[in-house]
Amino acid sequence: MSTHTRSLFLAALLVSNSCYAFFEGSRMYTSLGIMNENLTRTTDKPNGKAGFLGSALDYPIFFGLELPAVADATAGGEAVWAPRIGYTFLPRKTADNAAKVEYLILSLPYIKKLGSMGFDYMIGTSYFRQTYKGTGGTVSSSNGGSAATYYQGDYDQVASYMTVDFGLGYNFAPYKVSSELFVLSPLSDKRSYNLLINFTYFWESTSL
């Protein structure tokens with residue numbers, strides 16, 4: 001074996017061992033979320049006062065991988081990174097049924113245990129891609145006492161934004177339930193919030 005070939009082999013071996021060590025003890029997980037949009041920003045009251053909950057519910061499904069981070073011996077708990085991807089496979093319809101709303105969510109949560117009672121907290125950031133898909137066609141509606149036909153839009157409208165995330169969870173292996181708050185435009189007076197209640201199942205740890 002030449003010196004060049006031996007060097008490449010050793011480099012590949014080191015990279016391979018580093019990858020094994022990086023994924024050692026990781027856990028895949030799947031979760032179903034119930035997300036309430038625009039907390040404190042909508043109302044259905046005659047006086048126009050905004051309520052606490054938003055006006056729309058979405059049901060994203062997440063797939064992720066929990067990766068061990070550093071152990072914090074002074075706090076008596078471990079920390080993990082838990083990157084995930086979520087999508088609303090069952091998009092919701094707008095109130096007038098003129099469009100379907102879909103979400104693609106990429107999140108990078110950092111999660112740390114709180115003592116030994118099964119609780120943990122989360123901080124992180126997420127990328128949201130919200131798509132409105134017009135259903136097209138026509139709709140009949142009253143117009144001054146007589147029926148009129150209106151054409152609904154046939155279009156795709158996309159909005160993308162980043163959030164700052166906070167959460168609190170409770171673990172009862174192999175399950176977890178958590179509440180998470182996504183803060184949109186956190187430094188603006190127009191900031192809004194999405195609240196996610198998440199139910200998670202962890203698959204067995206990876207041992208390479």
Partners passing ring pair (Phe, Tyr, Trp, His ring centres under 6.0 Å) against [X] (at least two apart in sequence or in another chain):
X: Phe166; result: none
X: Tyr121; result: none
X: Tyr87; result: Phe89

Legend entry - Heavy atoms of other groups near Tyr175 OH, more than 12 under 6.0 Å: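 Counting other residues, nucleotides and ligands, OH of Tyr175 stays at 12 neighbours or fewer.
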
Inset, instruction - Count the heavy atoms of every other residue, nucleotide or ligand shown that sit under 6.0 Å from CG of Leu90, and state whether that count exceeds 12. - result: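 No, because the 6.0 Å sphere around CG of Leu90 holds 12 heavy atoms or fewer from other groups.
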
side-chain hydrogen bond (donor to acceptor under 3.5 Å, both in side chains) against [X], all qualifying residues, sequence neighbours excluded:
X: Thr30; answer: Trp203
X: Tyr29; answer: none
X: Ser178; answer: Glu180
X: Arg92; answer: Glu37, Asp58

Just wondering, do [Y] and [X] contact through their side chains at under 4.5 Å, heavy atoms?
X: Asn198; Y: Ser179; answer: no
X: Tyr193; Y: Leu195; answer: no
X: Gln130; Y: Glu102; answer: no

Residues in side chain to side chain contact (heavy atoms under 4.5 Å, CB included) with [X], at least two apart?
X: Thr94; value: Asp96, Ala98, Ala99, Val101, Tyr132
X: Tyr161; value: Tyr103, Phe128, Thr163, Leu184, Asn194
X: Tyr127; value: Leu106, Arg129, Ser160, Met162

Legend entry - Pair listing, salt bridge (charged side-chain N to carboxylate O under 4.0 Å, His left out) test, anchored in residues 167-179, at least two apart: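 The answer is Asp120-Lys176.
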
Inset, instruction - Would you mind listing every salt bridge (charged side-chain N to carboxylate O under 4.0 Å, His left out) that reaches into residues 160-175, with sequence neighbours excluded? - result: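 Sorted pair list comes back empty.
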
Legend entry - Donor-acceptor under 3.5 Å (Asn171 side chain, Gly118 main chain):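 Looks like yes, one N/O pair under 3.5 Å.
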
